[in-house]
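Side chains included, hydrogens not; waters and symmetry mates left out as well; all remaining heavy atoms used. Positions are given from 1, in the same order as the sequence printed here.
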Amino acid sequence: MFSSSGPTFRELTVQALSSVQHGYDLLAPTFDETPFRTPDRILDPFVRAVGPLGPFRSGLDVCCGTGAGVGALRRLCEERVTGVDFSEGMLAEARATAGSLPGAPLSPRVSWVQADARALPFAPVFDLAVSFGAFGHFLPRERPELFAQVHRSLRPGGMFVFPLPAPPRVGSRLYWALWGFDAAMRVRNLLWRPTFVMYYRTFPLSEVRDELTRTGFSVELLPVEELGRLPDGSPRCRLVVARRRG
């Protein structure tokens, strides 16, 4: 579909008519050949922006997929990195390709855990948690518990950091494309079971910041200057830096 080694249209259709978990199990072998994988043009500036906030001993990639974010954490953490995802297929691909992930000269050890992000099985042992491109899989009512689970997995003072691109300009081609996708997904979920939760317009910064604060984080926004600015001067992408209080 996206390249000669990517998924076919039929495969994407079967995935879209499956549950989220089973759909990603099906997509896993070809996931890295799709635009859904977080690209290095986002991961590399992310690493350079987060590095000065450290040092970090241990890192957690929430909804790690095939492990692109784990590769970023390996460049940021000194001792260990854990990727967690609920798709067995995605984790199998992550394990198979772990040897090719980037990392520091003395890379930290990497482990993989299958679990739902809404029920993370970790004690508060991590200094840094990250997530890339997964928030659309959580309905707004599920976000507080998701944030609470990450909060419980961090040491006091630990940080939950993720990139948040600026929303598309109202009326732009991308605005209408995302609006149309979300509308089609809502119709699909009304007419078909199991549901497949993936929405692009349900993660507004103001609501997310308030929910993180209520969970027990102090929140700071940092521009990712490498990714440039919009014509009005605002950053194209921000880092949301949520630090666990107490």
### Message
Please evaluate residues Val50 and Met159 with respect to the criterion side-chain contact (heavy atoms from CB on, under 4.5 Å), reporting the C-alpha separation (whole Å), side-chain torsions for both, the decisive distance (0.1 Å), and the verdict.
### Response
CA-CA 10 Å; Val50 174; Met159 285 181 276; over 6 Å; no
### Message
Determine whether Leu128 and Leu53 satisfy the following criterion, side-chain contact (heavy atoms from CB on, under 4.5 Å), listing intermediate values before the conclusion.
### Response
CA-CA 10 Å; Leu128 175 64; Leu53 304 176; over 6 Å; no
### Message
Arg243 vs Ser218, test: side-chain contact (heavy atoms from CB on, under 4.5 Å). Steps then yes/no.
### Response
CA-CA 5 Å; Arg243 188 185 297 268; Ser218 58; 3.6 Å; yes
### Criterion side-chain contact (heavy atoms from CB on, under 4.5 Å) on Arg75 and Asp44, from CA distance to verdict
CA-CA 10 Å; Arg75 291 182 276 169; Asp44 292 342; 3.1 Å; yes
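In summary, Glu226 and Arg41 do not engage in a salt bridge, as defined by a charged side-chain N under 4.0 Å from a carboxylate O. The pair Asp232-Arg169 does not count as a salt bridge, with every side-chain nitrogen at least 4.0 angstrom from each carboxylate oxygen. Arg229 has a carboxylate O that lies under 4.0 Å from a charged side-chain N of Glu225, or vice versa, which qualifies the two as a salt bridge.
Residues Phe135 and Val150 fall within the same hydrophobic cluster, defined by Ile, Leu, Val, Met, Phe, Trp and Tyr side chains chained together at heavy-atom separations under 4.5 Å. Under the 4.5 Å side-chain heavy-atom criterion for ILVMFWY residues, a single connected hydrophobic cluster contains both Phe132 and Val241. Under the 4.5 Å side-chain heavy-atom criterion for Ile, Leu, Val, Met, Phe, Trp and Tyr, Val208 and Leu222 are members of distinct hydrophobic clusters. Leu43 and Leu164 are assigned to two separate hydrophobic clusters, defined by single-linkage of ILVMFWY side chains at heavy-atom distances under 4.5 Å. The same ILVMFWY cluster, assembled from side-chain heavy atoms under 4.5 Å apart, contains both Met198 and Leu178.
Counting heavy atoms from C-beta outward, Thr38 and Phe46 have side chains that stay 4.5 Å or more apart. Side-chain contact check for Phe138 versus Glu145: every heavy-atom pair is 4.5 Å or farther apart. Side-chain contact check for Ser58 versus Arg80: some heavy-atom pair is nearer than 4.5 Å. Residues Arg48 and Pro45 have side chains in contact (heavy-atom distance under 4.5 Å, counting atoms from C-beta outward). Two residues are said to be in side-chain contact when any heavy atoms from C-beta on lie closer than 4.5 Å; Val224 and Pro163 fail this criterion.
In this structure, the ring of His137 has its center less than 6.0 angstrom from the ring center of Tyr24. The distance between the ring centers of Phe147 and Phe217 does not fall below 6.0 angstrom.
In this structure, Leu60 CG and Phe160 CZ are separated by 9.0 Å, a value rounded to the nearest 0.5 Å. Expressed to the nearest 0.5 Å, how far CZ of Phe162 lies from CG of Leu212 amounts to 5.0 Å. Atom CG of Leu76 sits about 11.5 Å away from atom CG of Asp127, to the nearest 0.5 Å. Of the inter-residue distances, the one linking Thr82 atom OG1 with Arg109 atom CZ reads 8.5 Å to the nearest 0.5 angstrom. One finds the NE2 atom of His151 at 4.5 Å from the CZ atom of Arg244 (value rounded to the nearest 0.5 Å). Between atom CZ of residue Arg141 and atom OG1 of residue Thr202 there is a gap of 11.5 Å, rounded to the nearest 0.5 Å.
Of all non-hydrogen atoms in Ser172 and Pro168, the two that sit nearest each other are OG-CB, 3.8 Å. Closest of all the heavy-atom pairs between Val81 and Pro108 is CG2-CG, 3.8 Å. When all heavy atoms are compared, the tightest approach of Leu120 to Gln149 is N-OE1, 2.8 Å. Here the shortest heavy-atom pairing between Leu146 and Ala117 reads CD1-CB, 3.7 Å. Across all non-hydrogen atoms, the minimal contact from Leu230 to Pro235 is CD1-O, 4.3 Å. Nearest heavy-atom pair across Gly67 and Ala94 is N-CB, 4.2 Å.
Test Val84, Leu91, Leu73 against Cys64 for side chain to side chain contact (heavy atoms under 4.5 Å, CB included) and you get one pass: Leu91.
Between the side chain of Arg155 and the backbone N or O of Val125 there is at least one donor-acceptor pair closer than 3.5 Å. A donor-acceptor pair is defined here as one N or O able to donate and one able to accept, closer than 3.5 Å; such a pair exists between the side chain of Asp85 and the backbone of Gly65. When atom types are taken as modelled, the side chain of Thr97 and the backbone of Glu93 share a donor-acceptor pair closer than 3.5 angstrom. Put simply, the side chain of Glu207 never gets that close to the backbone of Pro204: no donor and acceptor are under 3.5 Å apart. Counting only distance, with no hydrogens or angles, the side chain of Ser131 and the backbone of Val62 share a donor-acceptor pair below 3.5 Å.
Between Tyr200 and Phe181, the ring planes are perpendicular. Angles over 60° get that label, and only those under 30° would be called parallel.
Within a 6.0 Å radius of CD in Gln114, more than 12 heavy atoms belonging to other residues, nucleotides or ligands are found.
For the ring-ring contact (aromatic ring centres under 6.0 Å, His included) test, residues two or more places apart in sequence or in another chain that qualify with Phe122 are Phe126.
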